[in-house]
Protein chains: 2
Amino acid sequence: MDAADKTRLNQRATLLKSLAHPSRLLMMEMLEERPRCVSELTEAVGADITTVSKHLAILKRAGLVKDVKRGTYSDYELVCGCVSHFIDCIEQGRSGQEVCVAGSAATSPRQEKQIEH
Amino acid sequence: MDAADKTRLNQRATLLKSLAHPSRLLMMEMLEERPRCVSELTEAVGADITTVSKHLAILKRAGLVKDVKRGTYSDYELVCGCVSHFIDCIEQGRSGQEVCVAGSAATSPRQEKQIEH
DNA sequence: AGTATTATTGGCGATATGGCCAACAATGTC
DNA sequence: GACATTGTTGGCCATATCGCCAATAATACT
């Protein structure tokens, strides 16, 4: 494994980490519907607004969301709307769920249907 | 957000967390190629075998891999072979990369009710 | 100007995660 | 049985993450 591989794995791990929190997942799902300001997300999450603001900074830093200023408000919106969907796919491939076609390789994802919207 | 939602988000966060580590991602990629014993993964990762064993326990607990005993060896294999592929998809949807996979509709989030102005 | 609203940042304690060592368990070999 | 090989588990320490409070910034309103 060379240095480039190491960097790639680290970046990918960072991306996944940025998603790996229930509050951030909730926010991502809410943003899939439409853009929201911090207060609206804060109410849904049920945490302190400073906590939510920091969560959003993490998502932003990962390139998953972007913010648009509107007066004193910060509206956040997704950069790409299909993230949760792919998590669905990962979820479905685990043990306990029998949707996985035996022997499928990484290069041939098992169900196109799951990729489309 | 009801209790079921909260549980779902927690489970999903746990799943992502279990993937969100460079060593575990490397192992997942190696296992996409073929099953491997702990020693082989340990050599590739370059960490202590006890560390790798614990990483594998995390992946196993998440339902991403399963182990098959073979003498004193533990061979690990993927439960579903296509996890990395979906991470590719998430990666491609971030800012900096304009392409959103599968012609997703989510590129233009609806603008509805926002808070005040 | 003064006040209110919205959001961000710094800091701190609590908790979780990661990595190695030591010890142990299980199997195979002599 | 004695020993080697392969893995797992418990423990400990270092580091990272999380969540709230206090302070600050930026805009809007009167």
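Residue numbers begin at 1 in each chain, while the letters A, B, ... track the order of the sequences. As the structure is a prediction and not an experimental result, all values here were calculated from the model.
The main-chain N or O of B:L56 is never found under 3.5 Å from a side-chain atom of B:R61 such that the two would form a donor-acceptor pair. Checking side-chain atoms of B:T7 against main-chain N and O of B:A3 turns up a donor-acceptor pair under 3.5 Å.
Side-chain nitrogen and oxygen atoms of A:T72 include none within less than 4.0 Å of the OP1 or OP2 phosphate oxygen of D:dA28. OP1 or OP2 of C:dG19 sits under 4.0 Å from a side-chain N or O of B:H55. Here A:T50 does not reach the OP1 or OP2 of D:dA22: none of its side-chain N or O atoms lies under 4.0 Å away. Residue A:Y76 places none of its side-chain N or O atoms closer than 4.0 Å to OP1 or OP2 of C:dT6. Contact annotation: A:R24 side-chain N/O to D:dC18 OP1/OP2 distance is under 4.0 Å.
Atom-to-atom, CG of A:D67 to C1' of C:dT6 comes out at 13 Å; the value is rounded to the nearest Å. Summarising the geometry, the separation between CG on B:L56 and P on C:dG18 is reported as 13 Å, rounded to the nearest angstrom. Rounded to a whole Å, the NZ atom of B:K60 is 10 Å from the C1' atom of D:dT8. Atom CG in A:L41 sits roughly 15 Å away from atom P in D:dG19 (whole-Å rounding). Following rounding to the nearest Å, B:L59 (CG) and C:dT17 (P) show an atom-to-atom distance of 14 Å. Atoms CD1 (A:I49) and C1' (D:dA23) sit 15 Å apart, rounded to a whole Å. Rounded to a whole Å, the CD1 atom of A:I58 is 9 Å from the P atom of D:dG19. The CG-C1' distance, from B:L19 to C:dT17, rounds to 16 Å in whole Å.
Mapping A:G71 and A:K17 onto DNA chain D by nearest heavy atom places A:K17 at the nucleotide closer to the 5' end.
Closest of all the heavy-atom pairs between B:P22 and A:N10 is CG-OD1, 3.4 Å.
A salt bridge does not link B:D75 to B:R36: none of the charged side-chain nitrogens sits closer than 4.0 Å to a carboxylate oxygen.
The listed nucleotides are D:dC20, D:dG7, C:dG18; the one nearest the side chain of B:C37 is D:dG7. When each of D:dT8, C:dG19, C:dA7 is scored by its nearest atom to the side-chain atoms of A:V38, the top-ranked nucleotide is C:dA7. Checked against D:dC20, D:dC18, D:dT8, the side chain of B:S74 finds its nearest nucleotide in D:dT8.
Checked by distance alone, A:K54 brings a side-chain donor or acceptor within 3.5 Å of a matching partner on the base of C:dG10.
Once rounded to the nearest 0.5 Å, the distance linking NZ of A:K17 with NE2 of B:H21 reads 6.5 Å.
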